[in-house]
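In this chain, numbering begins with 1 at the start of the sequence shown.
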Amino acid sequence: MENGSLNHGVDTASTITIKGILSLLMQNITSNNRVISLGMGDPSAYSCFHTTHVAQEAVVDALQSDKFNGYAPTVGLPQTRRAIAEYLSHDLPYNLSSDDVFITSGCTQAIDVSLAMLAHPGANILLPRPGFPIYELCAGFRHLEVRYVDLLPDKGWEVDLDAVDALADQNTVALVVINPGNPCGNVYSYEHLKKIAETAKKHKILIIADEVYGHLAFGKNPFVPMGVFGSEVPVLTLGSLSKRWIVPGWRLGWFVTSDPSGMYREPKTVERIKKYFDILGGPATFIQAAVPRILEQTDEAFFKKTINLLKNASDILCDTIKEIPCITCPLKPEGSMAVMVKLNISLLEDISDDIDFCFKLAKEESVVILPGIAVGLKNWLRITFAVDSSFLEEGLRRTKSFCQRHAKQLQRY
């Protein structure tokens with residue numbers, strides 16, 4: 001028992017991983033129903049979410065050329081770095097150079113690099129809550145003190161800038177901003193991003209901009225990269241091909257110094273980054289070699305199709321959630337592939353908290369949803385909607401049935 005509730009083998013918050021909890025949930029499934037996972041942000045498992053033929057052909061051609069079987073430079077192939085610099089520069093008021101770009105094995109490795117570069121004795125980092133638990137895990141390994149900045153659900157999950165003012169001190173090294181939002185499904189406005197930049201500048205801290213879901217926006221706010229404000233405050237931009245091109249298994253990410261003022265162009269800083277990359281293993285060389293063609297030749301129609309699929313899925317999700325009294329959605333998703341919904345435990349019998357809810361849902365209905373505690377919010381749920389619409393509808397139907405069975409007598413519906 002933990003705080004009066006069953007923890008079902010889930011570790012403490014500081015050691016939680018999404019994959020770890022999802023694995024435990026899968027092990028808890030006992031029925032013969034088809035398993036429906038609304039817990040992992042990997043749409044590639046569904047036939048409606050396929051990458052573009054250009055990407056596939058670029059990888060095949062690079063592999064069959066026999067030119068990319070050897071080691072790549074540890075910071076990445078020159079042509080790959082140049083192509084990513086040009087791709088990101090399209091949305092910036094200045095041009096990045098290939099020297100600003102470092103190729104990583106997915107965005108997860110970019111997260112680890114950024115925290116490793118910033119860590120020093122006594123340092124602390126400001127992380128969003130809810131957020132992506134890999135940051136906390138990496139911070140623990142780097143002995144970085146974590147301070148949480150709450151995101152405000154009643155304000156579109158905006159960053160609580162008053163909390164930043166209260167938490168930041170002379171030992172704060174960075175503020176992490178995830179936009180489009182994972183796990184909340186929000187997309188920040190230009191005005192809010194500008195306020196974030198001004199606040200970071202006031203405290204003389206840099207911003208780690210996690211933009212792995214960059215351009216996956218389908219609400220009122222267009223995607224604006226944090227690097228737009230790079231002249232005001234240094235920005236480390238993290239991203240990958242994984243989400244926009246639906247190829248998470250290709251492990252092609254980037255760590256970019258969006259810093260036209262030059263803090264990260266100092267020779268000693270650049271040399272330190274390069275030396276760290278010398279001990280890392282980057283993506284396969286032939287995957288890197290395919291990137292320039294992928295970035296240059298992907299048709300806009302492919303992106304529009306993905307956006308439409310995500311928007312339609314989010315509509316299905318929100319419409320169904322309205323039919324389940326114990327679950328509420330404070331913000332309809334405007335981007336990314338997931339959303340946070342609030343669980344009202346007081347309306348349910350035999351359910352002690354979000355962990356208990358998710359384990360019993362998996363056991364009884366073979367539906368996997370991530371408990372909110374995994375991303376920092378107790379008695380919330382993170383639902384991934386980047387799945388085939390028929391799977392999503394079935395998964396939500398089973399969830400509704402589960403909630404009906406467990407509803408308190410006066411609340412049955």
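Not a single salt bridge (Lys or Arg N to Asp or Glu O under 4.0 Å) links E158 to another residue, sequence neighbours left out. Partners of T52 under the side chain to side chain donor-acceptor pair (under 3.5 Å) rule, at least two apart in sequence or in another chain, do not exist in this structure.
Here the side chains of W254 and L241 are in contact, with some heavy-atom distance below 4.5 Å. Side-chain contact between P153 and L331 is absent, with no heavy-atom pair separated by less than 4.5 Å. Between V339 and C329 there is a side-chain heavy-atom pair separated by less than 4.5 Å. The shortest side-chain heavy-atom distance between V176 and F132 does not fall under the 4.5 Å cut-off.
Salt bridge E271/K274: absent, no basic N to carboxylate O contact under 4.0 Å. For D160 and K155, the salt-bridge test fails: no basic side-chain N is under 4.0 Å from an acidic carboxylate O.
For the side-chain contact (heavy atoms from CB on, under 4.5 Å) criterion with T172, the lone passing option out of L118, I125, L126 is L126.
A donor-acceptor pair under 3.5 Å is formed between the side chain of Q288 and the backbone N or O of P283.
Using cut-offs of 30° and 60° on the angle between ring planes, the pair Y190 and F229 is tilted.
S390 and D388 share a donor-acceptor pair across their side chains, judged by distance under 3.5 Å alone. Between the side chains of Q27 and S23, at least one donor N or O sits under 3.5 Å from an acceptor N or O.
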Table please: side-chain donor-acceptor pairs of residues 203-225 below 3.5 Å, with sequence neighbours left out.
from: H203; atom 1: NE2; to: D165; atom 2: OD1; distance (Å): 2.7
from: D210; atom 1: OD1; to: V212; atom 2: N; distance (Å): 3.3
from: D210; atom 1: OD2; to: Y135; atom 2: OH; distance (Å): 2.7
from: E211; atom 1: OE2; to: M226; atom 2: N; distance (Å): 2.7
from: H215; atom 1: NE2; to: D91; atom 2: OD2; distance (Å): 3.0
from: K220; atom 1: NZ; to: E334; atom 2: OE2; distance (Å): 2.9
from: N221; atom 1: ND2; to: V187; atom 2: O; distance (Å): 2.9

